[in-house]
2 protein chains.
Amino acid sequence: MPTPAKTSREALARIARELVEASGPDALTVGAVANAAGIKPPSLYKHFADRAALLKAVEIDVLRELEAHIRAGTAGTTPKARLKSMAHAYRDFGRAAPDRYRVIYSGNAFIDPEIRAACLFAAQPLFEELRAADVPDDRVLPLSRTIVPFLHGFVLMEIGSAFNLGGDVDEAFEVGLETILAGL
Amino acid sequence: MPTPAKTSREALARIARELVEASGPDALTVGAVANAAGIKPPSLYKHFADRAALLKAVEIDVLRELEAHIRAGTAGTTPKARLKSMAHAYRDFGRAAPDRYRVIYSGNAFIDPEIRAACLFAAQPLFEELRAADVPDDRVLPLSRTIVPFLHGFVLMEIGSAFNLGGDVDEAFEVGLETILAGL
DNA sequence: ACCTGAACACCGTTCAAGT
DNA sequence: ACCTGAACACCGTTCAAGT
């Protein structure tokens, strides 16, 4: 007779997610997750292959949430206004929970097909808006590769307190955005 | 009578640096560094407060090297040409040794005064070129905060294999650079 | 002054044994 | 089918003891 399951893959992923968001990736230990789920560490391996698989689940979850946050935050009538509000939504997502943001696009795990798919999913809103803005097909990718690195780099540096030389950081973001979207 | 020193702070930092560059930050363990230096792990604490201090020394070292690499790679007569060559030098520095690049601007340790100073040092070449390009004083900071995030984000994504949708990545870098420097 | 062995708490992970 | 205790190799770190 099988012992009743005390937890589930989903519950464990949720706990892992909360640990990361509250205290950073280092707080995501197999012991802490198991403990919060009311099981012993070895039992966790019936649900996830290893700690990396747990972290991967968190990353995918966060990418899904980012996509939803971006869609919800996109507003305006002109293409440029919509792209700007999208960029602000992206930045706000990072600032709202730095340790949540840090888990995405981290490491060199983009080769993993599931991570890759999740990144692609999160990038869809931008692709759609660029096409809606009548950006030619062969310019969508290069332009995305200007916008996303700027956003990613800006957010990482901001949540890492890298902008510590004074000046208005909000204004700098606006200037950068305006510069990049000037051609539209 | 004091026992003769088998190693030094500098030698340990160099070993740490090599471990990170060759196998990533996770390879930087107190045991591995001590072993390579011919001492036992506890002895390392006579030279560095803890593993974090060792990693910090590596980060500062890499930032110094980045500054030198940028200066050496900056060429051209027009301001825009010089800024472009500078950006290419930055990107090349990251691509040449991804695990070396990953240690800089990582974590949220910008509050640390030594890291802060090293980051400032590495940013000097850009500030100087922007001033030489007659960019008004109050625009140097916002413009830097457009260029550096783009470069940092681009390099991180590139070494993380994030640009895996096809297309010419070199061309994308050029497009992004051209877009950002268009106003000069 | 620097190095060492022994020890501690913690980490991820495996595995045989339980139900 | 899922959970457990015991065990392993490793990690960072402390400390008393050596020279």
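All of these numbers come straight from a predicted model, not from anything done at the bench. A, B, ... follow the sequence lines: proteins, then strands. Residue 1 opens every chain.
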5' priority, DNA chain C, between A/Tyr45 and B/Lys46 [closest heavy atom]: B/Lys46

Nucleotide of [options] approaching [X] most closely (side-chain heavy atoms):
X	options	value
A/Arg51	C/dC3, D/dC3, C/dG12	C/dG12
B/Ala5	C/dC2, D/dT4, D/dC2	C/dC2
B/Pro42	C/dC2, D/dC15, D/dT4	D/dC15
A/Pro41	C/dG12, C/dT13, D/dG12	C/dT13
B/Thr3	C/dT13, C/dC2, D/dC2	C/dC2
B/Lys6	C/dG18, D/dG12, C/dC3	C/dC3

Aromatic ring pairing A/His152/A/Tyr101, orientation class (parallel under 30°, perpendicular over 60°, tilted between): tilted

NZ/NE/NH1/NH2 to OD/OE distance under 4.0 Å, A/Asp92 and A/Arg95: yes

D/dA1 OP1/OP2 closer than 4.0 Å to side-chain N/O of A/His47: no

N or O in side chain of B/Ser43 less than 4.0 angstrom from C/dT4 OP1/OP2: yes

Sugar-phosphate only, base, or nothing, as touched by B/Lys40 at under 4.0 Å among non-hydrogen atoms: sugar-phosphate

Rounded to whole Å, please give me the gap between [atom1] in [X] and [atom2] in [N].
X	N	atom1	atom2	answer
B/Leu44	C/dG5	CG	P	15 Å
B/Asn35	C/dC3	CG	C1'	15 Å
B/Leu28	D/dC11	CG	C1'	12 Å
B/Leu55	D/dG12	CG	C1'	14 Å
B/Phe48	C/dC3	CZ	C1'	17 Å
B/Ile39	D/dG12	CD1	C1'	14 Å
B/Arg9	C/dA1	CZ	P	17 Å
A/Glu10	D/dC2	CD	P	11 Å

Base-pairing assignment for D/dA6 (Watson-Crick or G-U wobble, both under 3.5 Å): C/dT14

C/dA1: pairing nucleotide in any strand, Watson-Crick or G-U under 3.5 angstrom: D/dT19

Under 3.5 Å donor-acceptor, A/Ser23 side chain and A/Val20 backbone: no

Steps toward side-chain contact (heavy atoms from CB on, under 4.5 Å) verdict (A/Phe110, A/Tyr105): CA-CA 8 Å; A/Phe110 284 91; A/Tyr105 307 137; 3.5 Å; yes

Residues B/His47 and B/Glu10: side-chain donor-acceptor under 3.5 angstrom: no

